[in-house]
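As the structure is a computational prediction, the values presented were derived from the model and not from experiment. For the single chain, residues carry numbers from 1 onward in sequence order.
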Amino acid sequence: MKKKIIITVCMAMAALTGLAQSPLSFHAKAGIGTSHFHGKHSGSDTQMAYKAGIGAEYVLNKTWVLQSALEFVSIGGKDEIGHVGNARMHELYLQIPLMTAARLHLGKDYHASLSVGPYAAIGVAGKTSGETYNHSSSVQEGYRFKTGTFGSMADGKMGNHRFDAGIAVGLTFEYKRFIIGAETQVGLVKVNEQINQMISHSEEGGGYFPKNFAAFFTLGYRFR
């Protein structure tokens, strides 16, 4: 009987040890930063950006790690677009990055990692506001407007595509279960091509094709 109890206890301890050493872990992370548009004739001013999400990490070996997450990301930019002044474009995305990270162990409870990989995002909400000017008048008169960022301009929206994708890079430091980091994501997709149809090519020198760019400082906590 005692042997059975001892064997049972040993099996339970082995199971707990295996769970503690599992290569899979989860974390929660949030960040604040800035965003703007880059690309052809779209060097906008920056505005505040935010992100929050939950993620998973799978350790391949002592150095290499796979990372992914489900994130809500709030980005956009401020720009002057043709006859539209003081335009503030806000985009809220549901985003999934797929990262490969190289980890450097600095001590028993410390390590740093550099990660890079693609991301894909779907726009779920967002508003754009601005002021439309009438340049044909001797006096520039305008009116304020506010409309949805995503959707066709034929439906009264701003014309942004819902799909976005690009490359993300991150640098993180971890102490025990606490995570601090800096992240940058560079969009490779033209988020709006409809605006280009409503402005004069001569004014913009050949078109307006914005892509997203954002940078964040992040804080997180890892669950075991």
Side-chain angles (χ1 to χ4, degrees), residues 27-58 66-82 84 87-101 115-130 145-170 181-199 201 204 206-216 218:
H27 63 266
K29 188 184 295 185
I32 186 171
T34 60
S35 64
H36 67 272
F37 298 117
H38 74 101
K40 191 173 184 180
H41 306 293
S42 53
S44 71
D45 294 331
T46 60
Q47 68 178 30
M48 295 295 292
Y50 311 90
K51 70 184 305 184
I54 55 175
E57 180 177 287
Y58 189 85
L66 294 179
Q67 301 171 334
S68 188
L70 180 62
E71 303 173 330
F72 282 99
V73 180
S74 174
I75 56 178
K78 297 181 290 185
D79 211 346
E80 302 287 331
I81 310 168
V84 179
R88 293 174 177 265
M89 188 177 289
H90 169 252
E91 305 162 300
L92 179 62
Y93 289 100
L94 186 62
Q95 180 171 291
I96 298 177
L98 182 59
M99 314 287 282
T100 301
S115 58
V116 62
Y119 73 87
I122 294 294
V124 294
K127 293 292 183 179
T128 297
S129 62
F145 72 91
K146 188 173 185 179
T147 187
T149 298
F150 299 105
S152 173
M153 296 185 75
D155 297 325
K157 308 301 182 181
M158 201 61 191
N160 281 38
H161 300 303
R162 289 191 180 274
F163 177 75
D164 188 31
I167 300 295
V169 178
E183 302 175 7
T184 298
Q185 58 184 60
V186 182
L188 302 179
V189 174
K190 298 172 184 177
V191 296
N192 193 310
E193 297 178 272
Q194 295 187 34
I195 292 179
N196 188 58
Q197 300 172 11
M198 63 170 275
I199 61 178
H201 283 205
E204 298 295 330
Y208 178 78
F209 300 108
K211 302 174 185 177
N212 287 315
F213 179 92
F216 304 92
T218 59

Exercise for review: Step by step, work out the side chain to side chain contact (heavy atoms under 4.5 Å, CB included) result for F163 and I122.
Suggested key: CA-CA 5 Å; F163 177 75; I122 294 294; 4.1 Å; yes

Study note, to complete from the structure: Note: I75 and A49 closest approach over all heavy atoms is CG2-CB, 4.0 Å

Check your understanding: Roughly how far, to the nearest 0.5 Å, is OG1 of T34 from CD of Q47?
Key -> 9.5 Å

Revision key, fill the gap. For residues 181-195, the salt bridge (Lys or Arg N to Asp or Glu O under 4.0 Å) pairs (sequence neighbours left out) are K29-E183, K51-E183

Point to revise | Shortest non-hydrogen separation from S115 to Q67 and the atoms involved | key: CB-OE1, 3.6 Å

Check your understanding: Residues two or more places apart in sequence or in another chain: which of them pass side-chain contact (heavy atoms from CB on, under 4.5 Å) with A56?
Key -> L24, F26

**Study point:** Listed partners of F216 passing ring pair (Phe, Tyr, Trp, His ring centres under 6.0 Å), at least two apart
**Key:** none

Review point. Between T149 and K127, is there a donor-acceptor pair closer than 3.5 Å when you use the side chain of the first and the backbone of the second?
Key: yes

Check your understanding: Roughly how far, to the nearest 0.5 Å, is the CG atom of D45 from the CZ atom of R88?
Key -> 9.0 Å

Check your understanding: What are the two closest heavy atoms between T128 and M89, and how far apart are they?
Key -> OG1-CG, 3.3 Å

Exercise for review: Count the heavy atoms belonging to other residues, nucleotides or ligands that lie under 6.0 Å from CD1 of I54, then report whether that count exceeds 12.
Suggested key: no

**Study point:** Any donor-acceptor pair under 3.5 Å from H38 side chain to G187 backbone
**Key:** yes

Check your understanding: Looking at V191, N192, D164, which hits side-chain contact (heavy atoms from CB on, under 4.5 Å) with E91?
Key -> V191

Exercise for review: Decide whether S74 and H90 meet the rule of one side-chain donor and one side-chain acceptor closer than 3.5 Å.
Suggested key: yes

Check your understanding: Who are the side-chain contact (heavy atoms from CB on, under 4.5 Å) partners of S152, not counting sequence neighbours?
Key -> A154, D155, Q194

**Study point:** Partner residues of F150 under the ring pair (Phe, Tyr, Trp, His ring centres under 6.0 Å) criterion, sequence neighbours left out
**Key:** Y93

Review point. How far does CG of L66 sit from CG of L98, to the nearest 0.5 angstrom?
Key: 7.0 Å

Check your understanding: Does N212 reach the side chain of F37, with side-chain heavy atoms less than 4.5 Å apart?
Key -> yes

Review point. Does any N or O in the side chain of S68 come within less than 3.5 Å of the main-chain N or O of P97, such that one atom is a donor and the other an acceptor?
Key: yes

**Study point:** Contacts of E57 that satisfy salt bridge (charged side-chain N to carboxylate O under 4.0 Å, His left out) - sequence neighbours left out
**Key:** R103, R222

Check your understanding: Quick one: does L92's side chain get under 4.5 Å of V73's, heavy atoms only?
Key -> no

Point to revise | Approximate separation, where rounding is to 0.5 Å, of S129 OG and F145 CZ | key: 7.0 Å

